[in-house]
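Let me begin by presenting the structure, written as structure tokens, before commenting on it.
Predicted model only: the values in this text are computed from it and were never measured. Naming: A, B, ... by sequence-line order, numbering from 1 per chain.
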2 protein chains.
Amino acid sequence: MTLRISIIGFGAVGQGVSEILAHTNHNNHNNHNQHPPISVVAIADSRGAVVDEGGVDLADTLQRKRSTGTVATADATGMTALDVIESVDHEIVVEATPTDITTGGIGLTHIRRAFECGRHVVTSNKGPLVVKYRELCELARANGLHFRFEATVGGAMPIINLSREVLAGNRILATEGVLNGTCNYILTRMDDEGVSYEHALGEAQELGIAEADPTADVDGIDTAAKIVILANSLFGMDVGYDDVDVTGITKITPEAFKLAKESGHTIKLIGEVQENRDSQDNRLRVAPKMVPRNHPLNIGGTFNLASIQTELAGRITIGGIGAGSIETASAILSDILWIAGVGGE
Amino acid sequence: MTLRISIIGFGAVGQGVSEILAHTNHNNHNNHNQHPPISVVAIADSRGAVVDEGGVDLADTLQRKRSTGTVATADATGMTALDVIESVDHEIVVEATPTDITTGGIGLTHIRRAFECGRHVVTSNKGPLVVKYRELCELARANGLHFRFEATVGGAMPIINLSREVLAGNRILATEGVLNGTCNYILTRMDDEGVSYEHALGEAQELGIAEADPTADVDGIDTAAKIVILANSLFGMDVGYDDVDVTGITKITPEAFKLAKESGHTIKLIGEVQENRDSQDNRLRVAPKMVPRNHPLNIGGTFNLASIQTELAGRITIGGIGAGSIETASAILSDILWIAGVGGE
């Protein structure tokens, strides 16, 4: 049986998913794991949609998006993402619209509607999980559906599925990590070259690693959103953005790096979740921290790395490239394949 | 339904499994994942066995092993591991006898017999996998049984299940890692303190990190066995110990560390598998290598870390404590729980 998916939102991540599927559908050499063929039956962006029950032509759609700015075809113009979710027959909605961590944004509406229509959801969109994690999990469960979101935390770094599946049976006591590639790039440059924060930020903006408005990254907001997702999904907490104590990297000076270096340390922006079962006083924090030079969290550039403290296995570390179209899309693909595997049994 | 297991071999790993199960059976707080109760119905060591269809008293058996040197009870004296595998009703054999990477040892006989008797196998024993990986996988498949061996490589570091399950759909191109905690401890001390190989080895022996005869570790033999297992299980190769090019750490001098340091490097014993699909000239190698100081593979002490190069996700790193009774047993437990989950569906 073919597994039919829709892609809702066609920015870097949605396009990355399409590029991978366009490639692997022609090229099955890496299909060690038997799974049903995957067919994209609809793609929607903010201006319209393309629908084809026989399978959307992905190369053609990628081309059209680049030349016209939308995936919409003449016959599906005016069709919205919600129309696709409601009216096109398919099994999995890939929700990849832009994140809004204050309200959950349009992504929250899409995910709710997908579950109500009986479709599994795979997403890279942090907003809905930060705002309504518990409600969405319950809605999925009530409808017998899967809700997978590996791509929301750390791009290609598979911390969520590693913790929930591979480490099953191993209670997780705490986790801390370098979870924002933009901040880590800036801090790595400040450490390596002794330059100021402003200089390193400007460099990151020129390279496209930081956005023109870098606030969400450098103020620690993005890292805090990931900490909320980890707290809720790996620790069974029920917390929101306001429960996290957040400090960004904008006040760090070259002098601070000099002092850190003298004692064999560097400075990293660390997000952490620490459970305190006795007092209910859990620690959720994002802040710059001194890290010893030979510590696993001292990784350079845009890499992400998390350290997971477990009851039986001790410390486990997991790292991966924290952003990028294809890398984030690979996390979405692994979630789709997981559903394909479970559904096929 | 209760899942019944036997533990064959009752050294550090077998005892670790018993300690965890003795603890968790009384203490279900970490059972997020619903799975059937696990009951140990038999334990065998080289001198005898203890069998109880209602569940072996684990605390009592651990105590008896420590005071008498064997698990054997009066009524099961003379019963062998093979007798247990053949005649006691149970679903999973945990094979944890000492490793023999030349012949596969008694472990190979145990695993073959377990599959012939219709029992799943979970093992920490490298020998049988180095010598007869393909045969054992085929025997398991032919009998519709599971064969899990996370604990054979890197103790608590979950590289095999991460690669096979979480990274499903992501072709693995190469892997390299620090896979032997004893060597890494010695090299870390040589780097930190500028001491000789002999001095660092003596220190490791005093701490119980190196054995009286350290050959298997310091000559790279243990790392090479792990490379064979990774090559066969993650890359689908069909190779043996003789296919690996192996150099150990015994010839490394303090001067080599001094030179490495001057160029911002350290020295690590690295095992690597690199696939060359075009020429069939795969690279399987264990050798000391210069590693940049801020590289993820520069981890200290007895930690293990592997870097996995994937087609879509780029580089993923995974690290964990490379040895230890409870840590290795935790990898066995995660394999048992995986079988419990699959079997329960």
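- To the nearest 0.5 angstrom, B:Glu165 atom CD is 13.0 Å from A:Leu337 atom CG.
- Looking at B:Leu333, the atoms closer than 4.5 Å to chain A (heavy atoms on both sides) all sit in the side chain, from C-beta outward.
- Distance CZ/A:Arg315 to CZ/B:Phe303: 4.5 Å, rounded to 0.5 Å.
- When each of B:Leu167, B:Ile316, B:Leu312 is tested with A:Ser330 by the rule side chain to side chain contact (heavy atoms under 4.5 Å, CB included), just one qualifies, namely B:Leu312.
- Checking side-chain atoms of B:Thr317 against main-chain N and O of A:Gly319 turns up a donor-acceptor pair under 3.5 Å.
- Applying the side chain to side chain donor-acceptor pair (under 3.5 Å) rule to A:His265 yields the partners A:Ser263; only residues at least two apart in sequence or on another chain are considered.
- Between the NE2 atom in A:His23 and the CD atom in B:Glu311 there is a gap of 5.0 Å [rounded to 0.5 Å].
- Annotation: the span from A:Asn298 atom CG to B:His295 atom NE2 amounts to 13.0 Å, rounded to 0.5 Å.
- Within a 6.0 Å sphere centred on NZ of A:Lys258, heavy atoms belonging to other residues, nucleotides or ligands number 12 at most.
- Only the side chain of A:Leu305 has a heavy atom closer than 4.5 Å to any heavy atom of chain B.
- The closest side-chain heavy-atom distance from A:Leu162 to B:Ile318 is below 4.5 Å.
- Contact detail for B:Pro296 and A:Ile299: the closest heavy-atom pair is CG-CG2, 4.3 Å.
- Contact detail for A:Ile321 and B:Gly314: the closest heavy-atom pair is CD1-CA, 3.9 Å.
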